[in-house]
Amino acid sequence: MDKIAIRGGKRLNGTIRVGGAKNAALPLMCASLLTDDVLTLSNLPRLADITTLAKLLVQHGVALDMNGDESFKGEGCHGLTVSLNAANIENTTAPYDLVRKMRASILVLGPLLARFGNARVSLPGGCAIGTRPVDLHLKGLQQLGAEIELDQGYVVASAPNGLHGAEVVFPFVSVGATENLLMAAALAKGTTRLVNAAREPEVVDLAECLVAMGAKIDGIGSDTLTIEGVERLHGAKHAVVADRIETASLMMAAAATRGEVTLLGARRDHLGSAIEALEAAGMAFEDVEGGVHSRCDNLIGADVMTEPYPGFPTDLQAQIMALLATADGASMITESIFENRFMHVPELMRMGANINLHGRSAMVRGVDQMHGAPVMATDLRASMSLVIAGLAAEGETLVQRVYHLDRGYERLEAKLSACGADIERISE
Ligand SMILES: CC(=O)N[C@H]1[C@@H](OP(=O)(O)OP(=O)(O)OC[C@H]2O[C@@H](n3ccc(=O)[nH]c3=O)[C@H](O)[C@@H]2O)O[C@H](CO)[C@@H](O)[C@@H]1O
Ligand SMILES: C=C(OP(=O)(O)O)C(=O)O
């Protein structure tokens, strides 16, 4: 198993190109199931999650060309260009072995059901950050006319006469349920209204791709989406939006060393209120040609609460905790989305951070210096928080279970070394 070794204390300064967003790329790949035509996606990040989803789609019968249409890249895009063709779907079962590796696999359910009238998808199960049920996905699909049973850990869904439009009011915001319902409603008969829908840039990216495929969607970017179902969607070409979570993670990595970084391809307007939280912590941002420049001379304590977009993203909570661990003063960090997303706290404490947990809030009292230590990554964003802490710490940090990091950060060591970090991957 690979490890990452970091010798901290080097001030970062450089330029990094941000990749396409994992959390946009995954639903976009699932959208290929909605048509018998070719969907070409560019700016896909080279990540373990993309490979896992590609395997799932291939076992359904999707023909996948990893060197798809190189002539289509999209402006400023540098990732993979992949063509997906779901003309010959052989089976509508998503097996446990693949689904358990990645929760986003549940996003094949809506498209398969809408296009083929049946699907059998393994329940993803719990994971390190929380139980993560899929009840909103299932209830929403039932409102669109699906019959759903649970059988031996599988969701068995059918809609022999097709799905129909309905009003679905989500009791709270769910990114995945919004995406599943959006895709299903695109091929349902009649009008669907999704109320209290997620507004994350990745949901907007999916909606824009669906429109390019012929879907009729109003209210994109708002919390109410109105979808007029169509009989058939066609192929399209779409460039995956830049990864806002990678963007802010790298900004924080530089800030932890009181350094600076220019992030090419980054979208400041997609950071929502995270920008204000980072500014409150002493960071400064400037739009520059082709991206955003971020610098930090002095870090100060700041209070943060995670919320759906445009609130502060839960996917940045672990990283900001590592950052604020060496700020002047105290910070209160509250996690309101996932019930168990503080697994990084004991690891950060092993590096000298001063953190007190009270239920869903963590009181972080800034220390002058953290110290390197062997630490264990428990989930994707927790891994990044340990890397950020390692860059700030004195001495060597050895991050173990790097496969979590590889789910969502492409060539992280290379990107950070290019800015002066002393970081290397140790493959065993
Ligand atoms: C692949 C992807 O895009 N993953 C992101 C997506 O996950 P995901 O789509 O799984 O997250 P949701 O927005 O659905 O989850 C929000 C909250 O709702 C709960 N919930 C969700 C669905 C449901 O049917 N029932 C239910 O109770 C979840 O347990 C969680 O507490 O959004 C999360 C919240 O921004 C991010 O942290 C993940 O990185
Ligand atoms: C939690 C995340 O991803 P997933 O929903 O795929 O587990 C994440 O990207 O931080």
Side-chain angles (χ1 to χ4, degrees), residues 19-30 45 47-53 56 98-110 121 123-143 148 155 168 170-183 194 196-206 223 240-241 243-249 270 272 274 306-320 335-341 343-344 360 377-385 403-410:
K22 158 181 95 72
N23 289 349
L26 298 172
L28 285 166
M29 288 169 74
C30 294
L47 296 171
D49 272 15
I50 300 297
T51 312
T52 305
L53 185 60
L56 180 64
L98 286 167
V99 173
R100 75 182 167 83
K101 291 191 180 154
M102 194 188 52
R103 302 188 54 81
S105 316
I106 193 73
L107 295 176
V108 300
L109 180 60
V121 178
L123 278 166
C127 71
I129 61 175
T131 49
R132 304 183 75 178
V134 290
D135 53 320
L136 299 190
H137 302 236
L138 305 189
K139 198 165 165 245
L141 291 170
Q142 281 170 325
Q143 286 174 271
I148 294 185
V155 176
V168 177
F170 295 112
F172 50 87
V173 175
S174 162
V175 172
T178 302
E179 292 168 343
N180 235 337
L181 270 287
L182 186 57
M183 290 190 276
L194 303 179
N196 200 19
R199 292 183 279 162
E200 271 66 4
E202 296 77 23
V203 177
V204 170
D205 206 34
L206 173 64
D223 63 2
V240 178
V241 69
D243 195 323
R244 66 193 165 102
I245 304 300
E246 184 193 20
T247 298
S249 300
H270 283 174
T306 63
E307 280 174 337
Y309 189 83
F312 190 91
T314 173
D315 291 352
L316 293 176
Q317 179 260 111
Q319 298 90 316
I320 200 165
E335 172 57 55
S336 73
I337 309 285
F338 291 109
E339 71 272 19
N340 191 29
R341 209 171 195 182
M343 306 280 281
H344 41 285
R360 291 198 155 198
T378 49
D379 64 75
L380 165 56
R381 307 302 168 186
S383 322
M384 186 66 206
S385 82
Y403 56 85
H404 289 295
L405 193 78
D406 293 337
R407 281 190 51 216
Y409 292 94
E410 183 180 342

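As the structure lists them, so they are numbered: ligands from 1, and atoms in each ligand from 1.
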For residues Leu26 and Met102, determine if any side-chain heavy atom of one lies less than 4.5 Å from a side-chain heavy atom of the other. yes
Checking heavy-atom distances from atom 35 (O) of ligand 1 to each of Val173, Thr314, Thr178, Ile245, the winner is Thr314
Structural part of His137 in contact with ligand 1, heavy atom criterion under 4.0 angstrom: both
Protein contact of atom 14 (O) of ligand 1 - nearest heavy atom, named by residue and atom, plus distance: Ser174 OG, 2.6 Å
Number the atoms of ligand 2 from 1 as they appear, then name those within less than 4.0 Å of a heavy atom of Arg132, with their elements. 1 (C), 4 (P), 5 (O), 7 (O)
What do we get for Arg407 next to ligand 2 when only non-hydrogen atoms under 4.0 Å count, side chain, backbone, both or neither? side chain
Close approach of Arg341 to ligand 2, heavy atoms, under 4.0 angstrom: yes
State the atoms of ligand 2, each with its element, that fall below the 4.0 Å cut-off from a heavy-atom position in Lys22. 2 (C), 3 (O), 4 (P), 6 (O), 8 (C), 9 (O)
One finds that the ligand 1 atoms under 4.0 Å from a non-hydrogen atom of Val134 are 23 (C), 24 (O)
Give yes or no for whether the N/O distance cutoff of 3.5 Å, strictly under, is met between Glu200 and ligand 1. no
Please could you name the atoms of ligand 1 that Ile337 approaches to less than 4.0 Å, counting only its heavy atoms? 16 (C), 17 (C), 30 (C), 31 (O)
Taken in chain and number order and not counting sequence neighbours, the residues that satisfy side-chain contact (heavy atoms from CB on, under 4.5 Å) with Pro133 are Thr131, Asp135
No-hydrogen, no-angle side-chain donor-acceptor test under 3.5 Å, Ser336 and Glu307: no
Atoms of ligand 1 less than 4.0 Å from Arg341 heavy atoms? 37 (O)
Nearest-contact summary for atom 25 (N) of ligand 1 - protein heavy atom, Å: Asp135 OD1, 2.6 Å
Should Phe172 be counted as touching ligand 1, given the test is an N or O pair under 3.5 Å? no
Heavy-atom distance under 4.5 Å between the side chains of Asp406 and Leu47, does that happen here? no
Would you mind listing which atoms of ligand 2 come within a distance below 4.0 Å of any non-hydrogen atom of Arg381? 8 (C), 9 (O), 10 (O)
Protein heavy atom at shortest distance from atom 38 (C) of ligand 1: Asp315 OD2, 3.5 Å
Check whether any N or O atom of Arg132, backbone or side chain, sits under 3.5 Å from an N or O atom of ligand 1, and answer yes or no. yes
Check whether any N or O atom of Ala104, backbone or side chain, sits under 3.5 Å from an N or O atom of ligand 1, and answer yes or no. no
Hey, is Leu26 touching ligand 2 through its side chain, its backbone, both or neither, going by heavy atoms under 4.0 Å? neither
Would you find a donor on one side and an acceptor on the other, under 3.5 Å apart, between the side chain of Glu339 and the backbone of Gly130? no
Are any of the N or O atoms of Asn23 closer than 3.5 Å to those of ligand 1? yes
Which protein heavy atom lies closest to atom 22 (C) of ligand 1, and at what distance to 0.1 Å? Pro133 O, 3.3 Å
Say whether Leu26, considering both its backbone and side-chain N or O atoms, lies within less than 3.5 Å of an N or O atom on ligand 1. no
Out of Ile129, Val175, Asp49, whose heavy atom is nearest to atom 6 (C) of ligand 1? Val175
With heavy atoms and a 4.0 Å threshold, my read on which part of Lys139 contacts ligand 1 is neither
What protein heavy atom is closest to atom 24 (O) of ligand 1, reported as residue, atom name and distance in Å? Leu136 N, 2.7 Å
Any N/O of Ala177 closer than 3.5 Å to an N/O of ligand 1? no
Which residue supplies the protein heavy atom nearest to atom 28 (C) of ligand 1, what is that atom called, and how far is it? Phe338 CE2, 4.0 Å
Does an N or O from Lys22, backbone or side chain, lie closer than 3.5 Å to an N or O of ligand 1? no
Using a strict 4.0 Å cut-off to heavy atoms of Gly176, name the atoms of ligand 1 that fall inside it. 9 (O), 14 (O)
